[in-house]
**Q** 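Got a structure for you, questions after.
Fair warning: this is a prediction, and the values are worked out from it, not measured in the lab.
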Amino acid sequence: MAYWLMKSEPGTYSIDDLERERSTGWDGVRNYQVRNMMRDEMRKGDQAFFYHSSCAEPGVVGIMTVRGGGRPDPAQFDPESPYCDPKSDPDNPTWLLVEVAFKRKLSRTITLAELRGQPGLDDFQLLRRGNRLSVVPVTPAQWELILSLE
DNA sequence: GCCAACGTTGGC
DNA sequence: GCCAACGTTGGC
């Protein structure tokens, strides 16, 4: 079982939205590296941190479970969607999503500021300069360390 | 709102 | 294949 961190802007989709819906298709990923990770590495039963980005207090806010591997993201074929991609071939869709389920909210936000400078997180991909991937892998040691801060 | 970092596009 | 221009992400 692998661990992940998945970013979402709370103004677009927050941990409260996921708690209400219990599960969702993690749509809108339009980055090839992330797509390949979803296709090749994310598996049912994996655990993921829910991370709020581009907001007043960026940080880890909850935990979810990966429900299923990549399937085509319907938004790429929806002309009304901001995620529509006219270049994607319906017979061979470019973009995938994974299904995720709500597990729990953290009792508090573990902020980005807190994660920075934390001994043991030197190699955490989220903290690397210029990192913009919306899904990043988390090692078991990093997972435990971050949870211990709660 | 600013800006650094990075990805994508498209001319050549 | 190179690279400049442009778009997006996301912290601050």
**Q** Under 4.0 angstrom, heavy atoms only, what part of the nucleic acid is A:E9 near: base, sugar-phosphate, or nothing?
**A** nothing

**Q** Using only atom types and a distance under 3.5 Å, with no angle test, would you say the side chain of A:R30 pairs donor to acceptor with the backbone of A:Y83?
**A**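 Yes; judged by distance alone, with no hydrogens or angles, the pair exists.
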
**Q** State whether A:R116 places a side-chain N or O below 4.0 Å from either non-bridging phosphate oxygen (OP1 or OP2) of C:dC12.
**A**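 For A:R116, the contact criterion (side-chain N or O under 4.0 Å from OP1 or OP2 of C:dC12) is met.
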
**Q** Between A:Y51 and C:dG11, is there a side-chain N or O to OP1/OP2 distance below 4.0 Å?
**A**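 Yes, A:Y51 has a side-chain N/O under 4.0 Å of OP1/OP2 on C:dG11.
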
**Q** Send over the distance from A:E114 CD to C:dG11 P, rounded to a whole Å.
**A**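 One finds 15 Å between P of C:dG11 and CD of A:E114, rounded.
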
**Q** Expressed as a whole number of angstroms, how long is the span from A:M6:CE to C:dG10:C1'?
**A**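 Answer to the nearest Å: 18 Å.
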
**Q** Between atom CD in A:E57 and atom P in C:dC12, what is the gap in whole Å?
**A** 12 Å

**Q** It should be established whether A:K7 places a side-chain nitrogen or oxygen under 4.0 Å from OP1 or OP2 of nucleotide C:dG10.
**A** yes

**Q** In whole angstrom, give the distance that lies between atom CD of A:Q125 and atom P of B:dC6.
**A** 12 Å

**Q** Need one value for A:S53: base, sugar-phosphate or nothing, where a base atom within 4.0 Å counts as base even if backbone is also close, heavy atoms only.
**A** sugar-phosphate

**Q** What's the CG-P distance between A:L133 and B:dG7, to the nearest Å?
**A**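 Going from A:L133 (CG) to B:dG7 (P), I get 8 Å.
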
**Q** Output a table of donor-acceptor pairs, distance under 3.5 Å, between side-chain atoms of residues 97-115 of chain A and any protein atom two or more places apart or on a different chain; print 'none' if there are none.
**A**
unit_1 : atom_1 : unit_2 : atom_2 : d
A:E99  : OE1    : A:R71  : NH2    : 2.9
A:E99  : OE2    : A:G25  : N      : 3.4
A:R104 : NH1    : A:E150 : OE1    : 3.4
A:R104 : NH1    : A:E150 : OE2    : 2.9
A:R104 : NH2    : A:E150 : OE1    : 2.9
A:K105 : NZ     : A:D16  : OD1    : 2.5
A:S107 : OG     : A:E150 : OE2    : 3.2
A:R108 : NH1    : A:E114 : OE1    : 3.2
A:R108 : NH2    : A:E114 : OE2    : 2.6
A:R108 : NH2    : A:L149 : O      : 2.7
A:T111 : OG1    : A:E114 : N      : 3.1
A:E114 : OE1    : A:T111 : N      : 3.3

**Q** Can you check whether A:W95 and A:Y32 have ring centres sitting under 6.0 Å from each other?
**A** yes

**Q** Say you draw a straight line from CE of A:M37 to OG of A:S134; how long is it, rounded to the nearest 0.5 Å?
**A** 7.5 Å

**Q** Atom CG of A:L126 and atom C1' of C:dG11: how far apart are they, to the nearest Å?
**A** 11 Å

**Q** Is there a donor on the side chain of A:R30 or the base of C:dT8 sitting less than 3.5 Å from an acceptor on the other?
**A**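 When only heavy-atom distances are counted, A:R30 does not reach the base of C:dT8 through any donor-acceptor pair under 3.5 Å.
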
**Q** Just how far, in rounded Å, is C1' of B:dG7 from CZ of A:R132?
**A**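 One finds 6 Å between C1' of B:dG7 and CZ of A:R132, rounded.
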
**Q** For the backbone of A:L133 and the side chain of A:Q33, can you confirm whether one donor and one acceptor N or O come within less than 3.5 Å of each other?
**A** no

**Q** Report the distance from atom CG of A:N131 to atom P of C:dC12, rounded to the nearest whole Å.
**A** 13 Å

**Q** When you measure from the side-chain N and O atoms of A:R129 to the phosphate of B:dA5, is any distance below 4.0 Å, counting only OP1 and OP2?
**A** yes

